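Below: one structure, written as structure tokens.
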Amino acid sequence: MPELPEVEVVRAGLAPAVTGARINAVDVLDERALTRHPLGAADFVGRLEGREVRAAARRGKFLWLPLAGGDEALVAHLGMSGQMLLRESDAVRERHERIRLHIEHPQHGRLAVAFADQRTFGSLAVDALLTTPDAAPGGFGADLLLVPSQVAHIARDALDPTFDERAFIAAVRRRSSAIKRILLDQTLISGIGNIYADEALWAARIHPETHGAALSVHAVRRLLGEVRHVLEKALAEGGTSFDAQYVNVNGQAGYFAHSLNAYGRGGEPCPRCGGELRREAFMNRSSHYCPRCQRRRGAR
DNA sequence: CTCAAGTCCTGTCAGC
DNA sequence: TGCTGACAGGACTTGA
């Protein structure tokens, strides 16, 4: 379930249930869910059992639960199809459940946190926390100036108040890559995936193949505004759900799929100009755009 | 056979 | 020569 709004819905759903809770036990049902934890299942379980969770934090599409002691966090990436589900402590296994945390919260009692993932691109890890180089909190929901080592190379996300807009604009204008590839580069700006890249480019009327260097400062700033706008709107509607692969911690779908203007609409009329939206192969996936109102400038 | 919300790795090439 | 970064393409996986 991937992009920033969907991961934020999960973080916000998890936070009240896990903050202050103790991890009593951990079931590793499929070791492939630990690809980000190279020390293996026994080490993973040993580092978690008996520890207390302090918060639920997020940067871009990475989620983490800082642990008492302040030096480590449980890191989660949902990949393409990962889910974090809050369940009764004795709930039956989810379809594709890979890991289960048995937690106990002072107010909510015993609960299960199930990590389920059909395609196994997602994974969990216990990771060291490092001091942030920019002296700002590690991410949304993090009050401390700490970030997991696996997240340190990820840029601050588009909705982070400490996101460096001037540096981003300068970096875009130095690149010769297609602007869509730049938006998907998590080391420059994080949280954007294929859906919201297409939506933001459509809103800003920029062709996805336009080179970064061909964009004016004004155009990049406008694009950034559209990125923030679409992420916030999607978040307000609970994220984008096409099928059961994206759900919140209670298993419910989001509503933003009804509001998409370009993504998934190849062959349909553009909601703005009536031209026919196109779907085109791009970076092993697809781009959706309107060839009429997203004109190619500085193309490749 | 094609397609899908992501990340990471590898090889190439340029520049210091 | 070796290091670093930019860049493009592909690997990984399951199921519809």
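Bear in mind that the values here come from a model prediction, so they are computed numbers and not experimental data.
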Look for any protein N or O under 3.5 Å of an N or O in nucleotides 7-11 of chain B and output each such pair with its distance, or none.
| residue | atom | partner | partner atom | Å |
| --- | --- | --- | --- | --- |
| B:dT7 | OP1 | A:His77 | NE2 | 2.9 |
| B:dT7 | OP2 | A:Lys61 | NZ | 3.1 |
| B:dC8 | OP2 | A:His153 | NE2 | 3.3 |

- Message: Checking A:Asp198 against A:His288: is there a side-chain donor and acceptor pair closer than 3.5 Å?
- Response: yes

- Message: If only side-chain N and O atoms count, and only distance matters, is there a donor-acceptor pair under 3.5 Å linking A:Tyr196 with A:Thr240?
- Response: yes

- Query: In dot-bracket notation, what is the pairing pattern of DNA chain C, taking Watson-Crick (N1-N3 plus N6-O4 or O6-N4) and G-U wobble (N1-O2 and O6-N3) contacts under 3.5 Å, with [ ] crossing and | for other strands?
  - Reply: .|||||||||||.|||

- Mind checking the P distance from C:dG15 to B:dC8? Whole angstroms is fine. 24 Å

- Between C:dA8 (C1') and A:Phe282 (CZ): distance, integer Å: 10 Å

- Message: Using a 4.0 Å heavy-atom cut-off, does A:Asn194 contact any base of the nucleic acid, only the sugar-phosphate backbone, or nothing at all?
- Response: sugar-phosphate

- Message: Tell me whether A:Lys180 is salt-bridged to A:Glu209, with the criterion being a basic N under 4.0 Å from an acidic carboxylate O.
- Response: no

- Item | Selection residues 168-179 of chain A - residue pairs positive for salt bridge (Lys or Arg N to Asp or Glu O under 4.0 Å), sequence neighbours left out | A:Arg175-A:Asp185

- N or O in side chain of A:Ser81 less than 4.0 angstrom from B:dG6 OP1/OP2: no

- List the atom of A:Ala200, the atom of A:Val230, and the distance in Å for their closest heavy-atom pair. CB-CG1, 4.3 Å

Determine all donor-acceptor pairs shorter than 3.5 Å in which one atom belongs to a side chain in residues 52-62 of chain A; sequence neighbours excluded.
| residue | atom | partner | partner atom | Å |
| --- | --- | --- | --- | --- |
| A:Arg58 | NE | A:Glu8 | OE1 | 2.8 |
| A:Arg58 | NH1 | A:Gly60 | O | 3.0 |
| A:Arg58 | NH1 | A:Asp157 | OD2 | 3.2 |
| A:Arg58 | NH2 | A:Glu8 | OE1 | 3.4 |
| A:Arg59 | NE | A:Gly138 | O | 3.0 |
| A:Arg59 | NH1 | A:Ile154 | O | 2.8 |
| A:Arg59 | NH2 | A:Gly138 | O | 2.9 |
| A:Lys61 | NZ | A:Ile192 | O | 3.0 |

- Tell me which of A:Asn284 and A:Arg174 sits closer to the 5' end of DNA chain C, going by the nucleotide each one is nearest to. A:Arg174

- Task: Quick one: label A:Thr35 by what it contacts on the DNA or RNA (base, sugar-phosphate, nothing), any heavy atom closer than 4.0 Å.
- Result: nothing

- Query: Is the side chain of A:Arg272 donor-acceptor paired with the backbone N or O of A:Trp202 at a distance under 3.5 Å, no angle test?
  - Reply: yes

- Query: In the hydrophobic clustering that connects Ile, Leu, Val, Met, Phe, Trp and Tyr at side-chain heavy-atom distances below 4.5 Å, which members other than A:Leu29 occupy its cluster, ordered by chain and number?
  - Reply: none

- Message: Under a 3.5 Å threshold, yes or no: a donor from one side chain and an acceptor from the other, between A:Asp27 and A:His102?
- Response: yes

- Query: Under the 3.5 Å rule, do the base of C:dG5 and the side chain of A:Arg175 count as making a donor-acceptor pair?
  - Reply: no

Show the distances under 3.5 angstrom between N or O atoms of the protein and N or O atoms of nucleotides 14-16 of chain C.
| residue | atom | partner | partner atom | Å |
| --- | --- | --- | --- | --- |
| C:dT14 | OP1 | A:Arg32 | NH1 | 2.3 |
| C:dT14 | OP1 | A:Arg32 | NH2 | 3.3 |
| C:dT14 | O2 | A:Gln118 | OE1 | 3.2 |

- Task: Could you verify whether a donor N or O on one side chain and an acceptor N or O on the other, from A:Gln83 and A:Tyr246, lie under 3.5 Å apart?
- Result: no

- Is a side-chain donor or acceptor of A:Gln150 paired with a backbone partner of A:Arg36 at a separation under 3.5 angstrom? yes

- Message: With nearest nucleotide decided by heavy atoms, which residue, A:Arg181 or A:Phe121, maps closer to the 5′ end of DNA chain C?
- Response: A:Arg181

- Item | C:dA16 and B:dT7, which share atom name C1', separated by this distance in whole Å | 23 Å

- Task: Just call it for A:Asp243: base, sugar-phosphate, or nothing, with non-hydrogen atoms closer than 4.0 Å on any strand.
- Result: base

